[in-house]
Amino acid sequence: AAGAIPTEQLLRLALHRRTVQILSTTDVTLSKRKALRVRALVDFIWSQSLVLGLANSAAVKNQNCSTLVELVQKFELHTASSSHYNEFAPGFHHATLEGTTNDYGPVHINILRINLRKSQCRMKCLDAREICTDLSTLAQRTGALAAISGGFFLY
């Protein structure tokens, strides 16, 4: 349509404006995490460009990137017996999946597997915003073995 702004420009504008917001915050808690939040934002914009088919597919293919499914299969993370899982408490296993995929861009995924037959797992839903703390502090205060952030984005 005439006068329509190309998607590439909108993504660049979103990246610029959100980065300015992140870097100019005066919130004490958020200020400690500026670099992490900017990195997460860049990862998100990159992954969206791939999802929307905006990335030069030849350039991505030249990086020898796997798809997300191929990356999971490569590290055998779909099986509980994978050597990439670390058992940190009876029945609690953690693994991290990191890399660049050609379908979602850069990924950093924490995977938590809980074997309910081997653990005395009890789940509890808490809102860290109401307690004014971060996730790891909340987990420590409640004696949790593991904590999962319900927030989808870091930015």
J.: So do T19 and L15 actually touch side chain to side chain, heavy atoms under 4.5 Å?
T.: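 With C-beta onward as the side chain, the pair touches.
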
J.: Is it the case that the side chains of Q9 and R12 hold a donor-acceptor pair, with the cut-off being a distance below 3.5 Å and no angle test?
T.: no

J.: Rounded to the nearest 0.5 Å, what's the gap from CD on E87 to OG on S119? Could you check?
T.: 10.0 Å

J.: Would you find more than 12 non-hydrogen atoms of other residues, nucleotides or ligands less than 6.0 Å from R39 atom CZ?
T.: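 No.
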
J.: Can a donor-acceptor pair be found, under 3.5 Å and without considering hydrogens, that links the side chain of E70 to the backbone of K74?
T.: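 No; zero donor-acceptor contacts below 3.5 Å.
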
J.: Do L23 and V42 share a hydrophobic cluster, counting only Ile, Leu, Val, Met, Phe, Trp and Tyr and linking them when any side-chain heavy atoms are less than 4.5 Å apart?
T.: yes

J.: Applying side-chain contact (heavy atoms from CB on, under 4.5 Å) to T67 and T101, what does each step give before you reach the verdict?
T.: CA-CA 5 Å; T67 65; T101 63; 5.7 Å; no

J.: Would you say F92 and L116 are hydrophobically clustered, going by side-chain heavy atoms of ILVMFWY under 4.5 Å?
T.: yes

J.: Can you tell me if T142 uses its side chain to pair, donor with acceptor, with the backbone of A139 under 3.5 Å?
T.: yes

J.: Rounded to the nearest 0.5 Å, what's the gap from CG on L13 to CD on E8? Could you check?
T.: 13.5 Å

J.: Take Y85 and R113 through the side-chain contact (heavy atoms from CB on, under 4.5 Å) test and state the conclusion after the steps.
T.: CA-CA 9 Å; Y85 281 104; R113 293 183 81 116; 3.2 Å; yes

J.: List the atom of H84, the atom of A95, and the distance in Å for their closest heavy-atom pair.
T.: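 Heavy-atom minimum between the residues: O-CB, 3.5 Å.
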
J.: How long is the straight-line distance from CZ of R18 back to CZ of R37, given to the nearest 0.5 Å?
T.: 5.0 Å

J.: Where do H93 and N86 land on the side-chain contact (heavy atoms from CB on, under 4.5 Å) test, with the steps shown first?
T.: CA-CA 5 Å; H93 303 266; N86 173 41; over 6 Å; no

J.: Measure the shortest side-chain to side-chain distance between F88 and L112 over non-hydrogen atoms and say whether it is less than 4.5 angstrom.
T.: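 Of all side-chain heavy-atom pairs linking L112 with F88, at least one is under 4.5 Å.
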
J.: Kindly give the heavy-atom pair with the smallest separation between G91 and K118, and that separation in Å.
T.: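 Looks like CA-CB, 3.9 Å.
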
J.: Apply the test side-chain contact (heavy atoms from CB on, under 4.5 Å) to residues I109 and L68: give CA-CA distance (whole Å), side-chain angles for both, the deciding distance (0.1 Å), then the verdict.
T.: CA-CA 11 Å; I109 302 170; L68 182 57; 4.0 Å; yes

J.: Do I111 and T96 have side chains that approach each other closer than 4.5 Å (heavy atoms only, starting at C-beta)?
T.: no

J.: Determine whether a donor-acceptor pair (N or O, by modelled atom type, separation under 3.5 Å) exists between the side chain of N115 and the backbone of R117.
T.: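 Yes; judged by distance alone, with no hydrogens or angles, the pair exists.
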
J.: Could you grab the distance from atom CG of L138 to atom NZ of K124, nearest 0.5 Å is fine?
T.: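 The NZ atom of K124 is 9.5 Å from CG of L138, to the nearest 0.5 Å.
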
J.: Measure the spacing between CG of D27 and CD1 of I22 and express it to the nearest 0.5 Å.
T.: 12.5 Å

J.: Within a 6.0 Å radius of atom NZ on K34, are there more than 12 heavy atoms belonging to other residues, nucleotides or ligands?
T.: yes

J.: Rounded to the nearest 0.5 Å, what separates atom CD in E98 from atom CG in N110?
T.: 8.0 Å

